[in-house]
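Throughout, protein chains are lettered first and strands after them, A, B, ... in sequence-line order, and every chain is numbered starting at 1. The shown structure was predicted, so the numbers you read here are calculated from the model rather than taken from an experiment.
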Amino acid sequence: MKFMDWLDERLAVRQLIKVMLTEYYVPKNINFLWSFGVLIMVVFAILVVSGIFLLMYYKPDSHLAFDSVNKTIMMDVEYGWLFRHTHAVAASIMFLVLYVHMARGIYYGSFKAPREIVWITGYILFVLMAATAFTGYLLPWGQMSYWAAQTITTLFEKIPFIGPDLVVWIRGNYIVEDATLTRFFALHVVFLPLLLIVFTAIHLYAVRIVGSNNEDGIELTKEEKKHGKGIPFWPVFMAKEFFVISVFLIFFFYLVFYQYKFAMDPINFTPADYLQTPTHIYPEWYFLAFYEVLRGFFFSQNLGLIAFVLSMFIAAFLPWLDTSPIKSGNHRPLYKILFFIFVADFVFLTILGKLPPTGLYAWLGFAGSLVYFAFFFALPIISRIEKKKLEGGR
Amino acid sequence: MKELKILLILVVVVLVGYWGIEPYAHSVMHGEVKKPDYNYSDLKTTAATTGDPAKGKELFVANCASCHGLKNDGINPGMDKNAAIASFNVVPPDLSNIAAILDHKFLAAFIKNPQQATENPKFAMPPMAQLSDEDVGHIIAYLSSVAKKNLDGKEITIEACGRCHSIKYQKIYAETPAENLKAYLGKVPPDLSVMGKAKELEYLETFINNPQNGLPGTSMPRLGLTKESTEKVVAYLDQIADPHREQRNKLGMWVIGYLVVMVGLTFAWKKKIWKNIH
């Protein structure tokens with residue numbers, strides 16, 4: 001205890017623990033979906049640790065990368081395979097956890113005032129995570145690594161005036177080559193993780209200020225939470241969180257040991273070859289929905305690209321699209337229906353994104369893209385309907 | 001109860017998505033993999049598949065040994081490796097064990113017409129039109145009599161694939177130089193080190209049985225391996241591509257067992273902390 005006193009005098013740790021944990025209250029009426037924020041931190045920690053171990057043997061050089069991953073790490077280094085499997089599966093599952101976290105925010109209206117900053121920083125984190133995943137996917141230098149990078153960097157060509165020069169600038173060469181691999185490596189292991197940590201700090205700080213939303217979307221004051229309507233973050237909330245983490249880890253490690261193929265596509269075990277385009281090029285599953293918007297929108301490359309950019313960023317503007325005074329989907333029958341149509345549509349687009357864009361699939365993809373945007377453009381309308389209803393009720 | 005309902009929705013959404021991007025997408029992209037045909041029933045030949053080994057040896061020395069050696073019986077090829085590469089862009093195989101790994105009907109059809117049997121019009125060996133149906137039988141009988149039995153997967157793989165394919169993670173390098181293979185086949189054949197991971201095993205079996213069934217238009221010749229040799233090659237490629245499988249399966253059980261205990265402990269702790277919270 002003496003040591004605690006000593007620390008407390010210098011760092012005010014007791015006060016810190018109170019503010020951050022024991023007297024930080026979260027509402028009682030939240031379900032396990034509110035545990036996904038901490039789950040994301042857990043997955044991020046797993047990625048950092050496994051990534052550091054991979055970094056010790058990986059060679060960011062187009063002649064060495066494939067063998068350093070598939071021979072050195074996967075075969076020669078003791079338990080090297082474990083770190084690669086863990087890293088690959090964690091990268092994939094990160095997006096599952098992120099999507100659940102975001103969907104919870106959308107359904108319960110957690111993006112609404114006063115939590116706009118929480119939503120925006122969260123959205124920036126999602127985009128940064130997408131960039132981290134994309135740059136990381138090039139590193140094993142397999143066929144799909146190569147062609148995914150080639151395809152996605154080509155998209156920038158369509159930007160007016162600077163497009164073609166921009167593509168060369170990004171790649172550091174006229175095609176994806178050694179220079180591209182080295183700079184993606186730098187972004188993946190230093191720059192992007194650094195930004196992720198900075199924005200995570202802002203995101204968490206903002207949550208501490210405005211507090212968590214809850215199932216009913218009715219704001220609780222600190223006093224209300226202190227006296228019956230809330231639970232302290234430590235130990236009460238975290239007691240449940242540890243249980244959720246344990247269950248999640250069973251699922252996670254089951255994938256790592258027995259079902260890793262979805263995160264390590266067989267085609268990526270063929271070394272990159274710029275002379276041989278694979279029959280089917282597709283991104284990892286978490287980008288498939290946006291990819292489907294890209295290639296299906298009005299069957300036009302230019303419109304597809306615009307729609308793709310819009311589909312990636314439109315959700316960031318949710319706080320200003322949905323201005324309804326009611327927060328939670330539980331109390332918004334119309335919104336609830338729209339939300340579940342949106343979720344179904346996102347899964348639908350994800351599936352179509354991997355299928356060949358021909359015949360019926362192309363038309364279904366186009367229809368799915370329209371539904372995707374329809375959700376966002378319907379929000380101002382139902383907000384107005386709900387406002388009118390509220391005013392009429394008074 | 002309410003939380004279980006939410007969990008159920010979550011699980012259903014994830015499973016539908018998984019089904020769509022894995023099993024369903026794969027079935028659409030790759031279609032049905034054709035079954036291998038180990039009877040080589042498309043090959044019609046009247047040539048015999050057995051005969052007198054002694055006569056076979058004489059015929060072998062007269063007709064085959066100018067290009068092919070047969071180490072098991074002390075026969076060296078008439079031309080050395082470099083001369084063969086210069087003329088054919090590929091090393092002719094030593095035929096010591098060929099009868100142990102190839103189907104004999106295929107072998108008979110192959111000797112008569114290699115281009116047809118391999119389904120590769122540019123196959124380097126010329127048809128042996130001078131041999132009668134009985135002669136072919138004698139040669140096959142001779143080859144069978146000298147061939148080593150019970151070759152393992154690695155030996156078969158080197159015999160069947162090693163003239164063109166490297167397996168560099170196993171320090172096995174193609175006998176024929178890459179530039180000659182490129183001239184012969186149009187491209188350098190892929191390294192087989194992690195082929196067992198790059199392709200489904202079922203596909204590999206079909207592909208080895210008849211490359212045209214897996215990759216129409218490929219310049220890889222059909223090899224005519226027996227069912228047993230094909231399976232041994234596939235098992236070998238699988239094993240070298242994933243050498244830590246046993247360790248992984250074992251460790252997986254420990255990790256998941258440990259986490260099951262964790263779930264029990266954390267659940268008990270949660271119960272204790274939440275006892276007075278309603």
Side-chain angles (χ1 to χ4, degrees), chain A residues 28 31-33 67 70-71 74-75 79-82 85 96 100 142-143 215 231 235-236 238-247 249-250 252-254 256-258 261-262 264 266-271 275-276 279-280 282 285 288 340 343-344 346-348 350-356 361, chain B residues 2-3 5-7 9-10 13-14 16-22 24-26 28-30 168-169 187 190-191 193-200 203 240-245 247-253 255-256 258-274 277-278:
Chain A
K28 206 192 282 173
N31 53 51
F32 78 92
L33 293 176
D67 290 341
N70 289 298
K71 174 79 163 84
M74 289 294 279
M75 296 184 183
Y79 293 100
W81 58 266
L82 177 60
H85 278 214
L96 178 64
V100 174
Q143 266 294 63
E215 281 180 334
I231 46 173
V236 183
M238 282 307 286
K240 185 174 169 184
E241 184 71 49
F242 278 122
F243 172 66
V244 175
I245 291 173
S246 311
V247 174
L249 286 180
I250 289 187
F252 176 76
F253 279 109
Y254 165 72
V256 167
F257 288 102
Y258 302 107
K261 270 195 188 159
F262 81 101
M264 295 161 73
I267 186 164
N268 225 15
F269 286 95
T270 308
L275 291 174
Q276 196 178 11
T279 328
H280 306 282
Y282 45 83
W285 71 267
L288 286 171
F340 281 108
V343 170
F346 193 80
V347 175
F348 184 64
T350 300
I351 295 171
L352 284 168
K354 200 158 179 180
L355 299 171
Y361 292 137
Chain B
K2 189 184 66 200
E3 299 209 270
K5 224 170 85 188
I6 297 170
L7 183 64
I9 295 173
L10 192 60
V13 170
V14 170
V16 169
Y18 178 79
W19 168 83
I21 57 169
E22 285 290 310
Y24 181 65
H26 285 201
V28 171
M29 282 190 290
H30 305 306
K168 61 179 181 179
Y169 293 175
K187 63 173 277 203
D191 187 277
S193 299
V194 285
M195 199 51 92
K197 270 200 172 139
K199 305 282 181 206
E200 299 288 336
Y203 170 89
I240 57 169
D242 189 10
H244 297 300
R245 181 175 303 157
Q247 188 189 35
R248 189 174 65 234
N249 289 340
K250 221 169 115 191
L251 184 65
M253 294 314 289
V255 170
I256 288 174
Y258 174 82
L259 287 167
V260 169
V261 175
M262 277 287 286
V263 166
L265 289 175
T266 50
F267 185 69
W269 189 49
K270 193 244 163 191
K271 277 260 158 206
K272 185 175 166 239
I273 298 276
W274 284 62
I277 293 167
H278 300 289

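Neither the backbone nor the side chain of B:Asp191 comes within contact range of chain A, judged by heavy atoms closer than 4.5 Å. Of the two parts of A:Ile231, only the side chain, counted from C-beta on, holds a non-hydrogen atom closer than 4.5 Å to a non-hydrogen atom of chain B. With a 4.5 angstrom heavy-atom cutoff, B:Val14 touches chain A only via side-chain atoms. Using a 4.5 Å cut-off between heavy atoms, B:Met195 makes no contact with chain A at all. Proximity to chain A (any heavy atom under 4.5 Å) is shown, for B:Tyr258, by neither the backbone nor the side chain. Of the atoms belonging to A:Leu249, heavy atoms from both backbone and side chain fall under 4.5 Å from chain B. Of the two parts of B:Pro243, only the side chain, counted from C-beta on, holds a non-hydrogen atom closer than 4.5 Å to a non-hydrogen atom of chain A. In this structure, chain B has no heavy atom under 4.5 Å from any part of A:Met264. For chain A, the nearby parts of B:Val16 are the backbone and the side chain; heavy atoms of each come within less than 4.5 Å. With a 4.5 angstrom heavy-atom cutoff, B:Leu10 touches chain A only via side-chain atoms. Neither the backbone nor the side chain of A:Val244 comes within less than 4.5 Å of any heavy atom of chain B. Only the side chain of A:Tyr79 comes within less than 4.5 Å of a heavy atom in chain B; its backbone stays farther off. Interface remark: A:Asp67 contributes backbone and side-chain atoms alike to the contact with chain B (heavy atom separation under 4.5 Å). If you measure heavy-atom distances from A:Leu82 to chain B, the contacts under 4.5 Å come from the side chain alone. A:Leu288 touches chain B through its side chain: at least one heavy atom from C-beta onward sits under 4.5 Å away, while N, CA, C and O do not. A:Gln143 does not touch chain B: none of its heavy atoms, backbone or side chain, sits under 4.5 Å away.
Every residue was checked against the salt bridge (Lys or Arg N to Asp or Glu O under 4.0 Å) condition with B:Lys5, not counting sequence neighbours, and none meets it.
Of the listed residues (A:Phe242, A:Tyr282, A:Tyr258), the one with the most heavy-atom contacts under 4.5 Å to chain B is A:Tyr258. Comparing A:Val236, A:Thr270, A:Asn31 by how many heavy-atom pairs each has under 4.5 Å with chain B, the most go to A:Val236. Contact count versus chain A (heavy atoms, under 4.5 Å) is highest, among B:Ile9, B:Asn249, B:Asp242, for B:Asn249. For the set A:Phe262, A:Tyr361, A:Phe348, A:Phe257, the entry with the most heavy-atom pairs within less than 4.5 Å of chain B is A:Phe257. When each of B:Gln247, B:Lys199, B:His26 is scored by its heavy-atom pairs under 4.5 Å with chain A, the top score falls to B:Gln247.
Taking OG of B:Ser193 as the reference point, atom CE of A:Met75 lies at 7.0 Å (rounded to 0.5 Å). For the atom pair OG1 (A:Thr279) and CE (B:Met29), the distance works out to 9.5 Å, reported to the nearest 0.5 Å. Here B:Ile277 contributes atom CD1 and A:Lys240 contributes atom NZ; the two are 11.0 Å apart, rounded to the nearest 0.5 Å.
No side-chain heavy atom of B:Val13 sits less than 4.5 Å from a side-chain heavy atom of A:Phe340. Under the 4.5 Å side-chain criterion, counting only non-hydrogen atoms from C-beta, B:Lys168 is not in contact with A:Lys71. B:Leu259 places a side-chain heavy atom less than 4.5 Å from the side chain of A:Phe253.
The local environment of CE in B:Met253 is sparse, with at most 12 non-hydrogen atoms from other residues, nucleotides or ligands closer than 6.0 Å.
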Please list, one pair per line, the donor and acceptor atoms closer than 3.5 Å that link side chains of residues 266-273 of chain B to other protein atoms, with sequence neighbours excluded.
residue	atom	partner	partner atom	Å
B:Thr266	OG1	A:Ser246	OG	3.3
B:Thr266	OG1	B:Met262	O	2.8
B:Thr266	OG1	B:Val263	O	3.1

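Listed for the B:Lys197 side chain is no donor-acceptor partner under 3.5 Å among the backbone atoms of A:Phe269. Within the 3.5 Å criterion, the main-chain N or O of A:Trp81 finds no donor-acceptor partner in the side chain of B:His244.
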Quiz prompt | B:Tyr169 and A:Asn70: CA distance, side-chain angles, deciding distance, side-chain hydrogen bond (donor to acceptor under 3.5 Å, both in side chains) verdict | solution = CA-CA 9 Å; B:Tyr169 293 175; A:Asn70 289 298; 5.0 Å; no
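Judged purely by distance below 3.5 Å, without hydrogens or angles, the side chains of B:Glu22 and A:Trp285 never pair a donor atom with an acceptor atom.
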